[in-house]
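Values reported hereafter were calculated over all heavy atoms of this structure, with side chains retained and with hydrogens, waters and symmetry mates removed. Small disclaimer: the values here were computed from a predicted structure and weren't measured. Chain A is the first sequence line, chain B the second, and so forth, proteins listed ahead of strands; every chain is numbered from 1.
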Protein chains: 2
Amino acid sequence: MTHRTPTPDDTRYLMDTIYVIGGKWRLLIMLSLSQGHTRFSDILRSIPGITPRMLSRELKHLELNKIVVRELNDDTDNTDYRVTVYCQSFDPVVQAMVEWGRQHLENIKADQFRPRAVK
Amino acid sequence: MTHRTPTPDDTRYLMDTIYVIGGKWRLLIMLSLSQGHTRFSDILRSIPGITPRMLSRELKHLELNKIVVRELNDDTDNTDYRVTVYCQSFDPVVQAMVEWGRQHLENIKADQFRPRAVK
DNA sequence: CCGAATCCAAAATGATACTG
DNA sequence: CAGTATCATTTTGGATTCGG
């Protein structure tokens with residue numbers, strides 16, 4: 001049984017989650033990191049439309065909240081960002097949202113190619 | 001096998017989803033509706049902190065995007081808001097986020113009651 | 001009391017240029 | 001490469017008000 005009846009508490013839980021991952025970019029950054037990107041410029045390129053300003057700010061926020069860690073690579077003198085286990089706890093949320101987006105695009109495509117009745 | 005390797009396309013799917021449900025209130029309104037609230041004031045009361053202004057605006061957005069429908073009840077002369085099947089397609093996302101929030105609260109509680117080593 | 005509109009303040013985000 | 005600084009724009013929210 002995968003269905004639960006929603007309770008008023010669910011509203012609180014949902015608010016908390018929205019608060020933590022709020023904004024346009026945090027989940028996208030987490031996804032980029034989980035795709036294996038570790039360097040600032042790589043993450044920047046992997047997320048269409050994000051600016052260095054927002055990436056820098058959001059990485060700082062995510063680091064403060066223990067969602068990512070920042071490491072200095074002594075050899076290459078580069079900064080690497082990595083996910084934490086805490087970040088991985090968002091995987092089900094990200095998966096559900098990615099899946100919704102994929103389905104949505106499929107639906108749009110299907111509707112475009114399906115003939116419609118004309119008035 | 002429930003795990004997928006993330007692809008660059010996933011970034012696009014995730015962006016689309018964030019765009020559609022973006023903001024602080026939309027998912028909360030959908031949850032409230034799925035909890036059975038149909039009237040403006042009921043929804044308003046069920047979401048702590050939301051103002052009539054934001055609820056009104058977001059309901060309008062959700063209606064335009066076919067996520068909710070607005071019905072006039074002729075008997076009581078009241079407006080009823082109801083979810084659509086499109087709205088229900090977000091259930092997995094909402095469930096995942098509610099579940100994350102619940103776990104998060106449990107973790108916080110557990111940590112608070114677990115004795116810590118003192119320096 | 002329900003639902004929406006108006007005006008204004010604050011916060012989030014964007015564009016662009018620039019630094020070590 | 002890894003960010004910062006500055007300024008413009010957009011989004012969000014508060015307070016108030018107004019008509020059913």
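- OP1 or OP2 of C:dA4 sits under 4.0 Å from a side-chain N or O of B:Ser56.
- Ranking D:dC1, C:dG3, C:dA4 by closeness to the B:Thr79 side chain, first place goes to C:dG3.
- Between A:Ser41 and D:dA2, a side-chain N or O to OP1/OP2 separation shorter than 4.0 Å is present.
- Put simply, A:Tyr81 has a side-chain N or O that comes within less than 4.0 Å of OP1 or OP2 on D:dG3.
- The separation between B:Glu71 atom CD and C:dG3 atom P is 14 Å, rounded to whole Å.
- Here the straight-line distance linking atom CG of A:Asn78 with atom OG1 of A:Thr38 works out to 8.5 Å at 0.5 Å rounding.
- When atom types are taken as modelled, the side chain of A:Thr17 and the backbone of B:Gly101 share a donor-acceptor pair closer than 3.5 angstrom.
- Here A:Asp77 lies out of heavy-atom contact (under 4.0 Å) with every strand.
- OP1 and OP2 of C:dC2 both lie 4.0 Å or more from every side-chain N or O belonging to B:Asn78.
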**Request:** Evaluate the salt bridge (Lys or Arg N to Asp or Glu O under 4.0 Å) criterion for residues B:Asp80 and B:Arg82: first the C-alpha distance (whole Å), next the side-chain angles of each, then the deciding distance (0.1 Å), finally the verdict.
**Result:** CA-CA 7 Å; B:Asp80 284 325; B:Arg82 294 182 198 287; 3.7 Å; yes

**Asked** Run the side-chain hydrogen bond (donor to acceptor under 3.5 Å, both in side chains) check on B:Arg70 and B:Tyr81 step by step: do they pass?
**Response** CA-CA 5 Å; B:Arg70 205 188 132 107; B:Tyr81 294 94; 3.2 Å; yes

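- Protein atom CG of A:Leu44 is 10 Å distant from nucleotide atom P of D:dC1, rounded to whole Å.
- Neither OP1 nor OP2 of D:dA2 sits under 4.0 Å from any side-chain N or O of A:Lys60.
- As a whole-Å value, the separation of B:Asp80 CG from C:dG3 C1' is 14 Å.
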**Request:** Check step by step if side-chain contact (heavy atoms from CB on, under 4.5 Å) holds for B:Trp25 and B:Leu55.
**Result:** CA-CA 8 Å; B:Trp25 303 117; B:Leu55 180 55; over 6 Å; no

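- Rounded to a whole Å, the CD1 atom of B:Ile29 is 14 Å from the C1' atom of C:dG3.
- What separates CZ of B:Arg70 from P of C:dC2 is a distance of 15 Å, to the nearest Å.
- Rounded to a whole Å, the CD1 atom of B:Ile47 is 15 Å from the C1' atom of C:dG3.
- At distances below 3.5 Å, not a single donor-acceptor pair connects side-chain atoms of B:Arg39 with backbone N or O atoms of B:Thr79.
- Going from atom CG of B:Leu55 over to atom P of C:dA4 covers 8 Å, rounded to whole Å.
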**Message:** Can you build the contact string for nucleotides 13-20 of chain C? Use B for base contact, S for sugar-phosphate-only contact, and - for no protein heavy atom under 4.0 Å.
**Reply:** BBB-----

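- Taking all atoms of both residues into account, the shortest heavy-atom contact from A:Leu27 to A:Val94 is CD2-CG2, 3.8 Å.
- If you take CD1 of A:Ile21 and P of C:dA12, they are 16 Å apart, rounded to a whole angstrom.
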